[in-house]
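Worksheet: the structure to be examined is printed underneath.
Starting from 1, each residue takes its place in the sequence as its number.
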Amino acid sequence: MSAESTTGPRRGGKGQRRKPRDARPGGKGLKVMAWTAAGIVVLGGTGAGYLYFELNGNLESVDIDHVLGADRPEKVDNGSENILVLGSDTRAGGNKELGGGADDGSARSDTAMIVHVYEGHKKAGVVSVPRDTLIDRPECTDTEGGTHPAARGVMFNSAYSTGGAACAVKTVESITDLRMDHYLEVDFSGFQTLIDDLGGVEVTTTEDIEDPGSHLDLAAGTHRLDGEQALGLVRTRHGVGDGSDLGRIQLQQAFVRALVQQVGEVGVFTDPKRLYDLADSATKAVTTDSGLGSVNALMSFANGLKGIGPAHLHMVTMPVRYDPADLNRVLPLTDKAQLVWDALRNDEPIPKSATEDTAAGEAKGVVNTT
């Protein structure tokens with residue numbers, strides 16, 4: 001990959017930045033993390049067995065451990081966990097009306113977050129991986145047994161579109177040398193329904209955001225976003241900052257904080273109907289690894305994350321610089337990225353120096369929690 005660099009080429013102001021080569025509305029939507037699925041804990045005290053089996057039947061899972069075999073980073077036994085959270089940009093089924101992806105029903109991973117839950121499960125580090133990052137993709141096998149050759153200098157999100165969840169996990173592990181203990185994926189329509197079932201999420205925008213590509217038109221101010229608006233917010237890239245995927249990541253991270261805060265404030269754990277609706281939507285929306293592929297397993301996992309609030313999330317973007325050969329792409333800053341991966345491996349905080357003087361997207365502070 002490229003040599004280390006601390007700065008990328010600067011963009012002009014709005015109206016002067018380059019037009020991205022790929023003009024399709026990107027971004028699938030914030031693969032709203034396991035805490036969204038935390039509504040499943042409603043089952044813990046209901047005793048309604050038929051509801052349990054109904055929700056259990058909603059879940060889809062992928063046996064990633066079987067596909068990847070033993071050639072993986074060693075599992076670190078320090079009480080921490082790493083979860084790869086992906087969003088698939090598909091036009092299949094109910095997602096077709098929401099845009100994105102290919103007309104043939106294929107899917108891309110347009111949102112990727114490595115979530116590190118620290119020992120004790122009281123705090124988490126979240127590292128967003130830009131979809132436009134040029135990486136070396138390893139040879140990988142998909143869940144159908146098909147083998148896909150390695151490729152150099154390809155976009156990060158090509159891993160998922162090439163070999164699905166297993167190839168995405170294999171690629172992340174090859175980049176980070178971190179074992180992914182779990183995998184979670186949420187789609188467009190599932191994300192939208194989850195936000196609606198939650199009753200919306202309140203955010204404050206510090207400037208107007210208008211992006212026809214993601215169907216978003218928000219004046220500066222405080223808004224309670226419904227599912228469609230929330231999806232538009234986490235997908236928009238041309239309405240804020242420098243128009244890059246990095247700016248969209250900053251919006252996504254701000255929205256995650258608002259979402260986590262909302263879950264803690266709206267009383268879902270004291271409203272059985274809302275809990276069930278959220279659990280029903282969550283189990284229909286997510287695809288998991290086989291280790292989380294049952295309601296009991298997902299219940300236990302989600303319950304373990306309940307103590308992680310917005311103040312306990314440290315969210316960063318994988319250190320990158322703009323590719324001088326193509327400003328629509330970014331290149332890893334390998335030395336700085338290694339600081340991030342080493343910190344997570346050792347269950348330590350991500351050092352501030354790891355993300356200083358890196359490409360950012362220029363959208364920080366555009367969206368805040370209220």
Straight-line distance of [X] [atom1] to [Y] [atom2], nearest 0.5 Å:
X	Y	atom1	atom2	value
Leu225	Ile195	CG	CD1	8.5 Å
Ile175	Ile114	CD1	CD1	7.5 Å
Glu207	Glu210	CD	CD	12.0 Å
Met180	Ile64	CE	CD1	11.0 Å
Ile209	Gln229	CD1	CD	11.0 Å
Phe301	Thr288	CZ	OG1	10.0 Å

When you measure from the side chain of [X] to the backbone of [Y], do you find a donor-acceptor pair of N or O atoms at a distance under 3.5 Å?
X	Y	value
Lys122	His312	no
Gln250	Lys364	yes
Arg345	Thr176	yes
Thr283	Asp280	yes
Asp211	Leu216	no
Asp245	Pro130	no
Arg235	His215	no

Between [X] and [Y]: side-chain donor-acceptor atoms closer than 3.5 Å:
X	Y	value
Gln252	Ser128	no
Ser294	Asn296	no
Thr204	Thr222	yes

Name all pairs fulfilling the salt bridge (charged side-chain N to carboxylate O under 4.0 Å, His left out) condition that reach into residues 74-88, sequence neighbours left out, sorted by first residue then second.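 Every salt bridge (charged side-chain N to carboxylate O under 4.0 Å, His left out) pair that includes a residue of residues 74-88, provided the two are not neighbours, is Lys75-Asp181.
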
Salt bridge (charged side-chain N to carboxylate O under 4.0 Å, His left out) pairs, two or more places apart, involving residues 166-175: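 Passing the test, one end in residues 166-175: Asp71-Lys170, Arg72-Glu173.
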
Of all heavy-atom pairs between [X] and [Y], which one has the smallest distance, and what is that distance?
X	Y	answer
Thr193	Ser281	CG2-OG, 3.3 Å
Gly200	Arg224	O-NH1, 3.3 Å
Thr141	Val67	O-CG1, 3.1 Å

Do any pairs count as a disulfide bond (SG atoms under 2.5 Å apart) and have a residue in residues 131-246, sequence neighbours left out, and if so which ones?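 Applying disulfide bond (SG atoms under 2.5 Å apart) to every pair that reaches into residues 131-246, excluding sequence neighbours, yields Cys140-Cys167.
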
So does Glu348 have more than 12 non-hydrogen atoms from other groups sitting under 6.0 Å from CD?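 Count over threshold, so yes.
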
